**Student:** 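So that we are looking at the same thing, I have put the structure below in structure tokens.
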Amino acid sequence: MKGADVNSPRETLAQQLAEAVAAALKADLEHQSRVLLVVSGGSTPAAFLRALSTLPLDWTHVDVTLADERWVEESDPASNARLVRETLRQNHAAGARFVGLKTPDGTPEEGVAEAAERITPLAWPASAVVLGMGEDGHTASLFADSPELERALATSEPLVAVRTPGLEPRITLSADYLHRARRHFLHITGEHKRAVLAHAMVGDDVRELPIRTFLACPLAVYWAP
Ligand SMILES: O=C(O)[C@H](O)[C@@H](O)[C@H](O)[C@H](O)COP(=O)(O)O
């Protein structure tokens, strides 16, 4: 193949997703003074976020927030704000404004109101929401075994504090706010997640596999082995 990619399939996927998200931001900047990008945390997005940072656009008019956040200090390796700072907020994208979800409060329950005040003024509907998915079918911090899942699926509030067994306390955008986007992307890799998504597509119980709430809207699936 002429000019064969020297990158791995996952690196190629990250670059393609970055180009698609950059195109979405540019398109909306044609008719909006500010645009909003919502990204997920975890381990998958790093290559995508680094690739996105290298793409030229008017980043000073772009706000970036998170689909969810672990309730840890930004110095903690688990922090999604730290991930964004270390991968996206560099190169061309250094000029983007990041609006984090973690407040100085000790718990997400104490911080949720302040976090909501930060994000509600942003340019909703977002130009793009980039979702990840866990091997249990969760997305953002919408977990099947979280006592707050029902509320996070039903509320029109922007954010919900989430307690999930075995995980640190988290804060998540509600399903309603995650749906407030012109475009939804799902960024997943590996055979297991492909099988989980395939299973999600043949059922409709959102409480079993919360990713299903995003199979009711246009969803650009970016998957590589
Ligand atoms: O804060 C988070 O962890 C994410 O928002 C979460 O929803 C993530 O997308 C999945 O857990 C997949 O994570 P991996 O990319 O690490 O598999």
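Counting convention: from 1, in listed order, for ligands and their atoms alike. Note that this is a predicted model, so its numbers are computed, not measured.
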**Student:** I need the full list of salt bridge (charged side-chain N to carboxylate O under 4.0 Å, His left out) pairs touching residues 45-66, with sequence neighbours left out, sorted by first then second residue.
**Tutor:**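 Listed once each, the pairs are Arg34-Asp63, Asp63-Arg97.
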**Student:** When rounded to the nearest 0.5 angstrom, what is the spacing between CG in Leu122 and CG in Leu37?
**Tutor:**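 If I round to the nearest 0.5 Å, the distance is 11.5 Å.
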**Student:** When you look at CG of Asp204, are more than 12 heavy atoms from neighbouring residues, nucleotides or ligands closer to it than 6.0 Å?
**Tutor:**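 No - once you tally the heavy atoms of other residues, nucleotides and ligands closer than 6.0 Å, there are 12 at most.
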**Student:** Pick out the protein N or O atoms lying less than 3.5 Å from any N or O of ligand 1, and list each pair with its distance.
**Tutor:**
from     : atom 1 : to     : atom 2 : distance (Å)
ligand 1 : 1 (O)  : Asp68  : OD1    : 3.1
ligand 1 : 1 (O)  : Asp68  : OD2    : 3.0
ligand 1 : 1 (O)  : Arg70  : NE     : 3.0
ligand 1 : 1 (O)  : Asn80  : ND2    : 2.9
ligand 1 : 3 (O)  : Arg70  : NH2    : 2.7
ligand 1 : 5 (O)  : Gly41  : N      : 3.4
ligand 1 : 5 (O)  : Asp68  : OD1    : 2.5
ligand 1 : 5 (O)  : Asp68  : OD2    : 3.1
ligand 1 : 7 (O)  : Ala140 : N      : 3.1
ligand 1 : 7 (O)  : Ala140 : O      : 2.7
ligand 1 : 11 (O) : His138 : NE2    : 2.7
ligand 1 : 15 (O) : Ser43  : N      : 3.4
ligand 1 : 15 (O) : Thr44  : N      : 2.9
ligand 1 : 15 (O) : Thr44  : OG1    : 2.6
ligand 1 : 16 (O) : Ser43  : N      : 2.8
ligand 1 : 16 (O) : Ser43  : OG     : 2.7
ligand 1 : 17 (O) : Lys193 : NZ     : 2.6

**Student:** Mind jotting down which residue pairs meet the salt bridge (charged side-chain N to carboxylate O under 4.0 Å, His left out) criterion with at least one end in residues 84-93? Sequence neighbours excluded, please.
**Tutor:**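 Residue pairs passing salt bridge (charged side-chain N to carboxylate O under 4.0 Å, His left out), neighbours aside: Glu74-Arg85, Arg82-Glu86.
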**Student:** Return the minimal non-hydrogen interatomic distance between Ala123 and Leu36, and the atom names on each side.
**Tutor:**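 Residues Ala123 and Leu36, closest heavy atoms: O-CB, 3.8 Å.
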**Student:** Quick one: which residue pairs count as a salt bridge (charged side-chain N to carboxylate O under 4.0 Å, His left out) with a foot in residues 152-171, not counting sequence neighbours?
**Tutor:**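 Pairs touching residues 152-171 that pass the test: Asp68-Arg170, Glu109-Arg163, Glu168-Arg170.
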